[in-house]
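Let me begin by presenting the structure, written as C-alpha cells, before commenting on it.
To find a chain, count down the sequence lines: A is the first, B the second, and so on, and within it residues start at 1.
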Protein chains: 4
Amino acid sequence: MPAARPGRPRSESSRLSILVATGELLVEQGYDRLTLVDIAARAGVGKQTLYRWWPSKASLVADCVLENVVRFEPVVVAPESSALAAIRTWLDASRALLAQPDQAALFRGLSAAASSDESARGKLAERFTEPLIGGIDRALQSGIASGEIRVDVATEPLAELLIGAMMFTLMRGEPVGADWADGILTVITRGIAAAPAS
Amino acid sequence: MPAARPGRPRSESSRLSILVATGELLVEQGYDRLTLVDIAARAGVGKQTLYRWWPSKASLVADCVLENVVRFEPVVVAPESSALAAIRTWLDASRALLAQPDQAALFRGLSAAASSDESARGKLAERFTEPLIGGIDRALQSGIASGEIRVDVATEPLAELLIGAMMFTLMRGEPVGADWADGILTVITRGIAAAPAS
Amino acid sequence: MPAARPGRPRSESSRLSILVATGELLVEQGYDRLTLVDIAARAGVGKQTLYRWWPSKASLVADCVLENVVRFEPVVVAPESSALAAIRTWLDASRALLAQPDQAALFRGLSAAASSDESARGKLAERFTEPLIGGIDRALQSGIASGEIRVDVATEPLAELLIGAMMFTLMRGEPVGADWADGILTVITRGIAAAPAS
Amino acid sequence: MPAARPGRPRSESSRLSILVATGELLVEQGYDRLTLVDIAARAGVGKQTLYRWWPSKASLVADCVLENVVRFEPVVVAPESSALAAIRTWLDASRALLAQPDQAALFRGLSAAASSDESARGKLAERFTEPLIGGIDRALQSGIASGEIRVDVATEPLAELLIGAMMFTLMRGEPVGADWADGILTVITRGIAAAPAS
DNA sequence: GTGTAATCGAGACGGTACGTCCAGTCTTACA
DNA sequence: TGTAAGACTGGACGTACCGTCTCGATTACAC
C-alpha cells in the first residue's frame, strides 16, 4: 500500500491535459518551437505544475510521446508463424505510422528530445528500442527453430539495421511508397552477395 | 576576374576563426548549449559578422561540420576491387569516426542542426547523404558488373540500411566494438534467410 | 456569551506560534523578504491556517507587531506632574526602542505594512497613532491647566511633529545619541524665534 | 574627455520613456503593484534594458522620482529675507505638492522604495534629505545673523521635526488644509512652553 | 458513544512576476 | 564597405510566492 502522502494529491486531469497539449503543440510547431509557456497556457495549467513533475522539456516530450499519445504496441514483432512475415508486418506498420504527418511529427519530437537529453534517451531506450530489439530477437529465435532463419544470425546488427532504416527514413522526411518495406526486406532476407558464402 | 567590389574585403581570418570556434564549442558544450555570443567571443569577432555570412546557428554549424572541421572524404565508398570490401572500408571508417568523442560530438551537432533547420537539412543531404548514396551505387554497379553482387539489388534500400545503422549507432551513444562492422556486413551480404530464394 | 460554535475550536498555540514566527522572520529578513510559506513552516502550521485568520501579510504583520510582540504601552504620554517631562519620557522611550535593532526592524515592518495595505494602516492608526495623539492631548491639557503650557497650543501640529520626528529617525536608520531627545525637546519647548511673539 | 566607448551608445529615448512609464504606472497603481514587465511594455522597451541600467525596481523608482518627474527644486529653503518666511514657504510648497494626488503618489513610491532598498535610501538622502537639511541650516544661520533666530538653535532637530512632519502627513494620507503650515510653524516658532526659559 | 462540523498540517493547484539568458537587429567609431 | 563592440526589442527560461483548493486526521460540542 502506497501509504497516502499528506497534502492535496496530484491532479490527474492536469496531468492528462498537459500531455495532450504537449502532443498537439508538438505536431503543430515542432520540437524546437515548443514552449513550456505555451503548453501550460493551452493545458490551462500553471507553469510550476510542469516543472513540479517533469525536469525538462525533453522529459515531458518523451513521456507524452511514449506513454499517452502514440500507440507503439503494434510496432512490435509478434510471434507469428513466420519470422520474416513478422518483420515485414513491423516495417509496414512503421511506414503507416510515418505516413501520418501527426505521428511522424511526434516521433521526430521524441527523437529530438532523445538527442538532447539523457533521461529522454533512457526512456526511449527502455520503452521503444529495447522492447523492439526483444521482439526482433524472439522472432529470430523462433525462425531459427523453425528452420526459416540462418542459425548464425545475430540479433544486434539486424536490429541496428532495421531501426536505423526507420529513423533515417523519418529524418529524411520524404514520403515513402508501399514498396519501401519490400526493398528493405529483400536486402535483409537474401543479402546482396551474388553467391552465398560457403 | 571577380571585379573587386568596393569597401573592405571579407576577412578570411575571421571566417576561419569563426568556424574553428564553432567546432570547439560544439564539442565542448553540445548543440543546444551553443550560443552565437560565445562563438563570437571566442572567435574574437563581432556578432554581426556571424549574421552577415550565416543566416542561422544551424546553418553555421552545418557549414562548420561539413566544410571545414571534420573530414568526411574517407567516408565514401571508393571504387575498389571488391564492392563488399568498399562497404566494409566505409563501415570501419565510420566506426573509427564515431569512436573519437570529438568527431562524434560534431556529427551529433550536425544531426541536431539538420533536424531543426531546413537549410542545414539541405546541406547535410547535398554534401553527405547524396555523395554517400552515389558511392554506394557506384560500388554496387561495379560489383554487379564483376559478378560479385546480385543483379537485382536496389541501391536505395541498401543505403537506408547502412546510413540508418550508422546514425542509430551514433544516437545510441554506446561505444561499438571492432566487430560492429562484421555483424552489419554479414547480414547485408548473406541475408538472414536460411535458404536463398530461387 | 458568544454561544460557542460547533466544530473544533481555534488553536491558541497555532495562533501564538504564528505571531512569534512572524516576528522572528520580520526581524531576520525584513518585510519584503518575508513570505507566508516561511512563516507557516517556522510556525509548524499549514498555510491555510494563516489565511483563515488573517486576510493578508500586511494584516498579519500589523497584528504581530502591535498586539503581541512589541510592547508599545510605555510609549504613551503618562499623566505625570509635568507635561514637558511626559513628552521627554516618551522621546527617551522611543529612542530606546529604536536603539534595539530588533524592535526597530519590527517597527519598520509595521511601517511597510501600513504603507501598502489599508487595513494595516487602520490598525496602526487605531492602536498606535490615535492613542499617542490622545496621550499628547491629555498631557497638553494638564499642562495648560497647570500653567506650564501656553494656552493656545494645538495638539495636532505638535503630534505631527513628534511622531514625524520619530518615524523619520526610524527611516533614516542612523543611530541617534542620548541627546536626540534633548534637541527635539528644546525646539519644541522654546521654539526657534529669538523673541517670543507678543 | 570620456573617451567614447566602443559599441552602440545608450539610447537616450529608451531611458526617457522608461522613466516616464515608471512615473505613470507608479501614479496609477502604486509601488507594490508596479511591475517591471509593465514598465517595459508601456515604455516599448525590452526587459533587459531595465536590468542593464537599474539594479532593482527600487533604484529605478528612486531615479524616476528624484531626477526626472517630480520637481523638488522649489522645495528648498531659499535664502530669503526672513528665515521663518523661508520655512513657511517650504511648508506651503510641501502641502501643495502633497495636495496633488499624482505627486503624492510619486513621493509615496519613493518612500516605499527607500524603505526596502539600500541604494534608494542613499539616493533619497543624497538628493532630497541632505539638500533640504542644508537649506534649513543656511536659513537658520542667516536668521541667527539677522537676530531673527535664537542663537543656540540646532539644525538637526529642527530638520527632523520638519521633514518628519511632512512625511508623517504624507503617510497618513488624509488631506490637510491650508492651516496645516500655520499650526506647524507656530509650534516651531514660539514653542509650547508658557514662559520662555531664561 | 456517536455524529457533525469546523479545525489542523500538508502540499498541489492556477497564476503572476521575477531576474537571467539568448536570438537577431541596430548603431556607433574605426580600418 | 567590413569590422569589433555592445545596446536594442522581444521572448523563453526556470524560480519564487501568492492565495485557493483538496486531502486525511484531529478535536470539540450536541445528541
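- Taking atom CZ on R15(D) and atom C1' on dT27(E), their separation rounds to 19 Å, with Å as the unit.
- Geometrically, R10(D) engages W53(D) in a cation-pi contact defined by less than 6.0 Å to the ring centre and at most 45° from the axis.
- Take the nearest nucleotide of DNA chain E for P9(C) and for S11(A): the residue whose nucleotide is more 5' is P9(C).
- A donor-acceptor pair is defined here as one N or O able to donate and one able to accept, closer than 3.5 Å; such a pair exists between the side chain of T22(C) and the backbone of I18(C).
- Between W54(C) atom CH2 and dC18(F) atom P the separation is 15 Å, expressed in whole Å.
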Problem set entry | Derivation and outcome, side chain to side chain contact (heavy atoms under 4.5 Å, CB included), residues Y31(B) and S115(A) | CA-CA 10 Å; Y31(B) 181 77; S115(A) 67; over 6 Å; no
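- Between K123(D) and E126(D) there is no salt bridge, since no side-chain nitrogen of the basic residue lies less than 4.0 Å from a carboxylate oxygen of the acidic one.
- At dG14(E), one or more side-chain N or O atoms of T49(A) fall inside 4.0 Å of OP1 or OP2 (strictly under the cut-off).
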Please tabulate, for side-chain N and O atoms in residues 36-48 of chain A, each donor-acceptor pair with protein atoms closer than 3.5 Å (sequence neighbours left out).
{"unit_1": "D38(A)", "atom_1": "OD2", "unit_2": "T35(A)", "atom_2": "OG1", "d": "3.1"}
{"unit_1": "R42(A)", "atom_1": "NH1", "unit_2": "E24(A)", "atom_2": "OE1", "d": "2.8"}
{"unit_1": "R42(A)", "atom_1": "NH1", "unit_2": "E28(A)", "atom_2": "OE2", "d": "2.9"}
{"unit_1": "R42(A)", "atom_1": "NH2", "unit_2": "E28(A)", "atom_2": "OE1", "d": "3.1"}

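- As rounded to whole Å, 15 Å separates atom C1' of dT9(F) from atom CH2 of W53(D).
- Residue R42(B) contributes atom CZ, which lies 18 Å from atom C1' of dA4(F) at whole-angstrom precision.
- Separating the CZ atom of R52(D) from the C1' atom of dA5(F) is a distance of 13 Å, rounded to the nearest angstrom.
- The shortest distance between the side-chain N/O atoms of S14(B) and the OP1/OP2 oxygens of dA4(F) is below 4.0 Å.
- When rounded to the nearest whole Å, the span between CG of L50(A) and C1' of dA12(F) equals 13 Å.
- For dG11(E), neither phosphate oxygen OP1 nor OP2 lies less than 4.0 angstrom from any side-chain nitrogen or oxygen of R5(A).
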For this session: Encode nucleotides 20-25 of chain E as B, S and - characters from 5' to 3', where the letter depends on protein heavy atoms closer than 4.0 Å: B to the base, S only to sugar-phosphate, - to neither.
Result: BBSSBB
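- At whole-Å resolution of the value, CG in D32(D) and P in dG19(F) are 12 Å apart.
- The CD atom of Q29(C) sits 9 Å away from the P atom of dC17(F) (whole-angstrom rounding).
- The side chain of P6(D) approaches dG6(F) more closely than any other nucleotide in the set dG9(E), dC13(E), dG6(F).
- Taking the side chain to side chain contact (heavy atoms under 4.5 Å, CB included) definition, one finds that S56(A) meets it with A58(A), S59(A), D117(A), sequence neighbours left out.
- Using a 4.0 Å cut-off between charged nitrogen and carboxylate oxygen, R127(A) and E67(A) count as a salt-bridge pair.
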